[in-house]
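Below, read A as the first sequence line, B as the second, and so on, with proteins coming before strands; counting in each chain starts at 1.
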Amino acid sequence: MKLEADFRDKVLAIVAQIPYGRVATYGSVALMSGYPRRARHVGHLLRGISEATADVIPWQRVVNSSGKLSTYKIGTGDLQKTLLEAEGITFTKTGGLKLKQLEWWLE
DNA sequence: TTGCTGACTTGGC
DNA sequence: AGCCAAGCCAGCA
């Protein structure tokens with residue numbers, strides 16, 4: 001396989017470690033996995049595994065650097081927002097997310 | 001090979 | 001807070 005195999009394993013390993021009620025940004029996940037400039041690919045990867053491994057991979061806990069959801073294109077609508085709110089994560093008036101207190105980094 | 005696209009990021013207004 | 005432009009790397013036509 002390509003280097004993507006390694007990339008995929010690392011990314012999934014990181015996302016799987018995100019604790020309940022916490023979130024991480026695409027850039028952070030890419031960074032923690034050892035691939036600094038791969039933020040876009042993290043999202044692309046999660047799109048593929050979202051339905052297949054949704055049970056073990058908390059993809060909904062991965063957001064963009066603005067503290068907002070990037071699922072405008074998935075079509076699932078506000079599913080991610082619903083899932084996050086179910087974990088106790090609160091959104092601001094502008095629909096943003098309190099990254100300052102919710103963003104998670106390597107344990 | 002080039003060129004476009006994308007679940008992104010950062011900096012400037 | 002919100003919009004725009006540039007940079008970024010892989011995949012695909």
Side-chain angles (χ1 to χ4, degrees):
Chain A
M1 299 281 284
K2 315 149 192 174
L3 47 140
E4 188 194 325
D6 186 49
F7 173 66
R8 177 173 55 76
D9 289 340
K10 297 216 169 115
V11 170
L12 293 182
I14 296 297
V15 177
Q17 289 179 62
I18 302 176
Y20 181 94
R22 294 291 208 91
V23 298
T25 66
Y26 290 98
S28 298
V29 172
L31 187 63
M32 289 186 279
S33 64
Y35 297 83
R37 314 297 170 157
R38 248 55 36 132
R40 305 183 100 125
H41 300 245
V42 172
H44 205 105
L45 173 60
L46 292 181
R47 182 181 61 170
I49 65 94
S50 61
E51 295 185 13
T53 60
D55 298 347
V56 294
I57 304 298
W59 61 271
Q60 73 274 20
R61 293 177 196 155
V62 182
V63 299
N64 62 22
S65 66
S66 301
K68 295 179 185 174
L69 311 183
S70 306
T71 58
Y72 69 93
K73 197 158 200 172
I74 299 181
T76 51
D78 50 340
L79 169 63
Q80 185 171 16
K81 185 184 179 196
T82 303
L83 290 172
L84 292 176
E85 292 180 322
E87 297 189 356
I89 295 176
T90 57
F91 288 78
T92 66
K93 209 170 186 179
T94 56
L97 204 47
K98 297 178 183 177
L99 279 182
K100 195 169 184 178
Q101 74 176 57
L102 293 175
E103 186 172 17
W104 171 85
W105 287 83
L106 231 43
E107 55 183 8

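A distance of 8.0 Å separates OG1 in A:Thr92 from CG in A:Leu97, rounded to the nearest 0.5 Å. Atom CG in A:Leu83 sits 9.5 Å away from atom CZ in A:Arg61 (nearest 0.5 Å). Remark: A:Trp105 CH2 to A:Ile14 CD1 distance equals 10.5 Å, nearest 0.5 Å. Of the inter-residue distances, the one linking A:Thr90 atom OG1 with A:Leu84 atom CG reads 10.5 Å to the nearest 0.5 angstrom.
Distance noted for atom P between C:dC8 and B:dG12: 16 Å (whole Å).
For the OP1/OP2 pair of B:dC8 and a distance below 4.0 Å, the side-chain nitrogens and oxygens of A:Ser65 include no atom meeting the criterion. Within the structure, a side-chain polar atom (N or O) of A:Arg38 is placed less than 4.0 Å from OP1 or OP2 of C:dA10. An OP1 or OP2 oxygen of B:dA7 is reached within less than 4.0 angstrom by a side-chain nitrogen or oxygen of A:Arg47. A sub-4.0 Å separation between OP1 or OP2 of C:dG2 and a side-chain N or O of A:Lys68 is present.
Rounded to an integer number of Å, the gap from CZ of A:Phe7 to C1' of C:dC8 is 12 Å. Separating the CG atom of A:Leu69 from the P atom of B:dA7 is a distance of 14 Å, rounded to the nearest angstrom. Rounding to whole angstrom units, CG of residue A:Leu79 and P of B:dA7 are separated by 16 Å. If you measure from atom OH of A:Tyr26 to atom C1' of C:dG7, you get 19 Å, rounded to the nearest angstrom. Across the protein-nucleic acid pair, A:Asn64 atom CG and C:dA1 atom C1' stand 14 Å apart, rounded to whole Å. Put simply, CZ on A:Arg40 is 11 Å from C1' on B:dC4, counting in whole angstrom units. One can place NZ of A:Lys93 at 13 Å from P of C:dG2, the figure rounded to the nearest angstrom. Distance NE2 (A:His41) to C1' (C:dA10): 4 Å, rounded to an integer number of Å.
Counting distance only, with no hydrogens placed and no angle test, the side-chain atoms of A:Arg37 and the base atoms of C:dC8 include no donor-acceptor pair under 3.5 Å.
Using a 4.5 Å cut-off on side-chain heavy atoms (C-beta onward), A:Leu12 and A:Val15 make no contact.
For the side-chain hydrogen bond (donor to acceptor under 3.5 Å, both in side chains) test with A:Gln60, the passing option among A:Gln80, A:Lys81, A:Glu87 is A:Glu87; the others fail.
Base-pairing analysis of DNA chain C finds the following stems of at least three consecutive Watson-Crick or G-U pairs, with both pairing distances under 3.5 Å: B:2-6 with C:9-13, B:8-13 with C:2-7.
Taking all atoms of both residues into account, the shortest heavy-atom contact from A:Val42 to A:Ala30 is CG2-CB, 3.8 Å.
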